[in-house]
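Only a predicted model underlies this, so the values are computations on that prediction, with no experimental measurement involved. Labels below follow one simple rule: chain letters A, B, ... track the order of the sequence lines, proteins then strands, and each chain is numbered from 1.
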Amino acid sequence: MSDITHQPDAPEDDLLAAEYALGVLSGEERSAIEQRIRREPTFALLVEAWEQRLAPWAEDIDAAAVSPAIWERLAARLSNKPTANAGWWQSLAFWRALTAATAALAAACVGALILVNTTLRQLPLVAAIDGAAGHAFVATVDERHRTIAVLPAAFVADPTRVPELWLIPSDGKPRALGLLQADHAVTIPIPADLAVLITRESVLAVSLEPPGGSPSSSPTGPVIGQGALTNL
Amino acid sequence: MDLEANRSIIAAALARIAYGDRAALQTVYQLTSAKLFGICLRILGERGAAEDVLQEVFVTVWRKAADFDPSRASPVAWLTAIARNRAIDQLRAERRAPRAAPIDAAAAISDPEPIADRAMEQSEANQRLHRCLDSLDALDRTALRAAFFDGNTYEALAARMNVPLGTMKSRIRRALLKLKSCLER
């Protein structure tokens with residue numbers, strides 16, 4: 001086998017990649033493969049191709065409820081930021097292309113969450129904030145930590161105005177939650193007096209406001225998207 | 001359950017994680033952790049170990065998100081592979097005794113085929129994979145399943161199917177090649 005190690009297209013390498021992806025190799029064999037994945041990009045691609053082929057099989061495995069403590073333990077470990085290299089994600093074209101697809105998928109995302117979470121007791125509140133112009137944010141509420149994480153799924157930045165997040169409970173009166181970012185997700189702490197209003201059926205909306213946010217207690221700019229919180 | 005419906009959302013979030021965006025990691029976690037935990041739990045069979053591995057999975061996602069290339073890979077499959085690989089590595093490190101129940105023709109026939117009653121919830125990729133798996137010999141398919149879902153090694157499979165190791169190896173390899181050519185058709 002050693003004599004064909006450097007011929008990435010050799011059938012033997014493809015079979016080794018398949019065996020690794022299937023999970024049938026011993027610990028020692030897996031370590032050797034993992035070393036090759038790190039060193040040989042062409043071999044890594046063979047493994048990735050097999051992982052892509054076999055991964056859909058895992059859909060047959062049921063989701064299982066995760067203890068909320070796991071996220072806390074995990075978050076505590078993530079003190080160091082990874083270093084980002086220049087790559088496809090910095091390409092404006094990529095984001096433009098994603099924009100169209102994502103707005104439509106935000107709703108599907110919420111739909112899929114229904115399926116993911118049917119077996120869970122702790123159901124996160126989520127909202128897909130959709131607008132006619134293809135603007136879309138996805139908000140997930142972390143009730144335990146009283147925060148809302150808002151991911152700009154397909155929001156195109158306006159240089160003169162900032163997106164602001166509003167909570168519109170059943171009384172119809174908007175309450176300001178905080179400013180959003182066009183290019184990265186933000187985590188907004190939920191003010192104590194608003195926590196009780198963040199419920200199923202309340203609506204999250206995003207308006208465009210002057211820098212620093214709405215000068216009044218309600219939106220002054222156009223509402224570019226909204227979506228109901230759903231507990232699934 | 002069709003996580004593939006989340007494909008664009010997860011791909012976008014992975015791109016932001018590469019920038020060190022923690023809230024994006026939280027989004028991916030909220031969307032996928034239950035599914036990935038199910039995978040770890042299935043392979044490791046024990047909650048504590050599966051919880052430890054789930055953390056490792058998301059630490060890997062945090063560090064390696066820049067490696068994810070949406071032009072080549074499905075984000076769900078990418079995450080699934082990380083979860084399976086970390087879980088199997090952990091299983092090997094623990095050197096636990098493999099599942100010992102013999103696999104024979106009867107076991108292969110009685111093996112559950114979830115696709116029949118779940119077809120509506122499965123992605124197109126899952127259904128295509130099942131169609132190709134169905135074209136394999138029933139015993140080979142059962143052996144592949146025992147490897148994929150339970151992390152059985154060649155040694156464990158040979159023992160369970162009561163065949164020599166070399167025979168087991170060539171059967172699996174032949175089945176994998178047949179599967180690949182069916183999927184590429």
Exercise for review: Would you sort out whether B/Leu25 and A/Trp71 count as a side chain to side chain contact (heavy atoms under 4.5 Å, CB included), showing the intermediate values?
Suggested key: CA-CA 10 Å; B/Leu25 183 77; A/Trp71 170 256; 4.1 Å; yes
Practice item. Report the C-alpha separation of A/Arg30 and B/Asn85 in whole Å, then their side-chain angles, then the decisive distance to 0.1 Å, and conclude whether the side chain to side chain contact (heavy atoms under 4.5 Å, CB included) test is met. Key: CA-CA 9 Å; A/Arg30 288 181 63 82; B/Asn85 284 329; 3.1 Å; yes
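Contact count against chain A (heavy-atom pairs under 4.5 Å) is highest for B/Ala73 among B/Ser33, B/Ala83, B/Ala73, B/Cys40. Note: B/Leu129 leads B/Leu79, B/Thr80, B/Leu129 in heavy-atom pairs under 4.5 Å with chain A. Comparing A/Ser67, A/Ala58, A/Ser26, A/Ala49 by how many heavy-atom pairs each has under 4.5 Å with chain B, the most go to A/Ala58. For chain A, the option among B/Ile39, B/Asp89, B/Leu54, B/Leu133 with the highest count of heavy-atom pairs below 4.5 Å is B/Asp89. Your options are B/Lys169, B/Arg173, B/Glu51, B/Arg47, and the one with the most heavy-atom pairs under 4.5 Å with chain A is B/Arg173. Heavy-atom pairs under 4.5 Å with chain A were tallied for B/Ala87, B/Gly151, B/Ser71, B/Ala147; the largest tally goes to B/Ala147.
Side chains of A/Leu54 and B/Arg84 form no contact here, defined as non-hydrogen atoms less than 4.5 Å apart. In this structure, B/Gln127 and A/Glu59 have side chains that are not in contact, with every pair of non-hydrogen atoms separated by 4.5 Å or more. Residues A/Val24 and B/Asn152 fail the side-chain proximity criterion, which asks for heavy atoms closer than 4.5 Å. The closest side-chain heavy-atom distance from A/Ile70 to B/Phe37 is not below 4.5 Å. Using a 4.5 Å cut-off on side-chain heavy atoms (C-beta onward), B/Tyr154 and A/Glu19 make contact. Looking only at side-chain heavy atoms (C-beta outward), B/Arg42 and A/Asp62 stay at 4.5 Å or farther from each other. Here the side chains of A/Leu45 and B/Arg72 are in contact, with some heavy-atom distance below 4.5 Å. Taking the side chain as every heavy atom from C-beta outward, B/Phe149 and A/Trp57 approach each other to under 4.5 Å.
Looking only at distances, no side-chain donor or acceptor of B/Gln30 sits under 3.5 Å from a matching main-chain atom of A/Thr140. B/Arg92 contributes a side-chain N or O that, together with a main-chain N or O of A/Leu25, makes up a donor-acceptor pair within less than 3.5 Å. In this structure, B/Arg22 contributes its side chain and A/Leu78 its backbone to a donor-acceptor pair below 3.5 Å. A donor-acceptor pair under 3.5 Å is absent between the side-chain atoms of B/Lys35 and the main chain of A/Ala64, judged by distance alone. Judged purely by atom type and a 3.5 angstrom limit, A/Gln52 has no side-chain atom pairing as donor or acceptor with the backbone of B/Ala77.
Under the 4.0 Å criterion applied to side-chain N and carboxylate O atoms, B/Glu56 and A/Arg77 are assigned as salt-bridge partners.
Heavy atoms only, all atoms of each residue included: A/Ala18 and B/Leu176 are closest at CB-CD1, 3.8 Å.
Only the backbone of A/Val186 has a heavy atom closer than 4.5 Å to any heavy atom of chain B. Only the side chain of B/Tyr29 comes within contact range of chain A, with at least one heavy atom under 4.5 Å from a heavy atom of that chain. Heavy-atom distances place no part of A/Ala69 under 4.5 Å from chain B, backbone and side chain included.
For the side chain to side chain contact (heavy atoms under 4.5 Å, CB included) test with B/Gln26, the passing option among A/Leu74, A/Thr187, A/Leu151 is A/Thr187; the others fail.
For the atom pair B/Phe68 CZ and A/Glu48 CD, the distance stands at 8.5 Å (nearest 0.5 Å).
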Show me, pair by pair, the donor-acceptor contacts under 3.5 angstrom made by side chains of residues 178-185 of chain B, not counting sequence neighbours?
unit_1	atom_1	unit_2	atom_2	d
B/Lys178	NZ	B/Ser135	O	3.1
B/Lys180	NZ	A/Asp14	OD2	2.7
B/Ser181	OG	B/Lys178	O	3.4
B/Glu184	OE2	A/Arg53	NH2	3.4

